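The following block contains the structure, expressed as structure tokens.
Chain identifiers are assigned alphabetically (A, B, ...) following the order of the sequence lines, protein sequences preceding nucleic acid strands; residue numbering begins at 1 within each chain. As the structure is a computational prediction, the values presented were derived from the model and not from experiment.
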Amino acid sequence: MSDSDSYQRIYTVVNMIPKGRVATYGQIAELSGLPRQARLVGYALNMLPKGSRIPWHRVINAQGKISLRVEGEGSDSRQARLLKREKIRFNQQGVVDLKVFRWQP
DNA sequence: AAGTTGACTATTT
DNA sequence: AAAATAGCCAACT
């Protein structure tokens, strides 16, 4: 298999995340057959085109926080808005409760 | 071609 | 609890 197949698998797995749920990079990596390669997942999402239908916003880090740096505002990011739209709740620290919202296949 | 960087995570200070 | 360390690998310089 070629290297780009791994990326394709990552996209497929991300696409499977149900609405209202989130997954961590490590989780996606493992489900994609790439254990221990969470960074590649982030990297794959980073190269994603703007109009992509991949729900990249449902992927967050293992701490339940958003990995992208703030886009200019001090208290909100694009991803946070999208997640709120999906009924995902943040706690006071801006952290998602993974025990509740983590996607469990 | 070799070194740096980054949408990560688990472990150790 | 927060910060540093180590492991991982593709893209970029």
Side-chain angles (χ1 to χ4, degrees):
Chain A
M1 58 175 158
S2 69
D3 40 343
S4 54
D5 286 338
S6 300
Y7 276 46
Q8 199 55 58
R9 248 181 286 182
I10 290 172
Y11 299 142
T12 303
V13 172
V14 173
N15 243 336
M16 280 191 272
I17 304 174
K19 185 180 176 196
R21 290 280 199 236
V22 295
T24 67
Y25 294 93
Q27 183 181 0
I28 298 299
E30 203 160 339
L31 289 171
S32 305
L34 304 163
R36 305 259 152 83
Q37 294 170 244
R39 297 191 91 166
L40 292 194
V41 176
Y43 210 84
L45 294 179
N46 183 45
M47 73 150 76
L48 223 41
K50 186 177 181 180
S52 178
R53 36 228 194 294
I54 309 285
W56 56 271
H57 53 270
R58 295 185 188 139
V59 184
I60 59 182
N61 65 25
Q63 308 166 12
K65 292 187 194 165
I66 293 174
S67 292
L68 276 175
R69 287 169 188 161
V70 193
E71 294 176 3
E73 306 133 78
S75 56
D76 202 353
S77 73
R78 188 147 101 101
Q79 184 164 10
R81 243 189 309 243
L82 288 165
L83 290 176
K84 285 172 186 170
R85 188 207 292 170
E86 308 251 330
K87 310 290 202 272
I88 288 172
R89 302 238 195 144
F90 291 77
N91 100 24
Q92 297 179 347
Q93 311 169 353
V95 178
V96 174
D97 189 348
L98 286 174
K99 294 178 195 230
V100 176
F101 294 104
R102 190 196 281 238
W103 174 43
Q104 299 171 8

Q. Under a cut-off of 3.5 Å for both distances of each Watson-Crick or G-U pair, what dot-bracket string does DNA chain B give, using [ ] for crossing pairs and | for inter-strand pairs?
A. .|||||.||||||
Which atom pairs link the protein and nucleotides 1-4 of chain C when you take only N or O atoms and keep those under 3.5 Å?
none

Q. Do you know the tightest heavy-atom contact between A/Pro105 and A/Gln27?
A.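 In terms of heavy atoms, the two residues are closest at CD-NE2, 3.9 Å.
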Q) Do you know which two heavy atoms are closest between A/Arg53 and A/Asn15, and how far apart they sit? A)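 Distance-wise, the nearest heavy atoms are O-OD1, 4.0 Å.
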Q. What's the shortest heavy-atom distance between A/Leu83 and A/His57, and which atoms?
A.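 Closest pair (atom of A/Leu83, atom of A/His57, distance): CD2-O, 3.1 Å.
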Q: List in chain and number order the residues that pass side chain to side chain contact (heavy atoms under 4.5 Å, CB included) with A/Arg21, two or more places apart in sequence or in another chain; answer none if no residue qualifies.
A: A/Ile17, A/Pro18, A/Trp103
**Q.** OG-NZ distance between A/Ser67 and A/Lys65, expressed to the nearest 0.5 angstrom
**A.**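 Between atom OG of A/Ser67 and atom NZ of A/Lys65 there are 10.0 Å.
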Q: Under 4.0 Å from any atom of DNA chain B, heavy atoms only: list the residues of residues 90-105 of chain A that qualify, in numerical order.
A: none
Q | Nucleotide-resolved protein contact map, nucleotides 6-13 of chain B, B/S/- at heavy-atom distance under 4.0 Å | A | BBBS----
(Q) As an exercise, state the distance from CD of A/Gln63 to CG of A/Leu98, rounded to the nearest 0.5 Å. (A) 9.5 Å
Q: Between B/dA7 and C/dG7, how far apart are the P atoms? Round to whole Å, please.
A: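 These two P atoms come out 22 Å apart once rounded.
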Q.
Using 0.5 Å steps for rounding, measure from the CG atom of A/Leu45 to the CZ atom of A/Arg58.
A.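 Reported value, rounded in 0.5 Å steps: 12.5 Å.
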Q) How would you list, by chain and number, every residue that makes a salt bridge (Lys or Arg N to Asp or Glu O under 4.0 Å) with A/Glu30, sequence neighbours excluded? A) none
Q) Among A/Trp56, A/Tyr7, A/Tyr25, which one satisfies side-chain contact (heavy atoms from CB on, under 4.5 Å) with A/Val41? A) A/Tyr25
(Q) Under the criterion side-chain contact (heavy atoms from CB on, under 4.5 Å), I'd like the reasoning laid out for A/Ile28 against A/Val14: C-alpha separation, chi angles, the key distance, then a yes or no. (A) CA-CA 7 Å; A/Ile28 298 299; A/Val14 173; 3.9 Å; yes
(Q) So, taking the atom named OG in A/Ser32 and the one named CD1 in A/Ile10, what distance separates them when rounded to the nearest 0.5 Å? (A) 5.0 Å
Q) Is the side chain of A/Tyr11 donor-acceptor paired with the backbone N or O of A/Ala44 at a distance under 3.5 Å, no angle test? A) yes
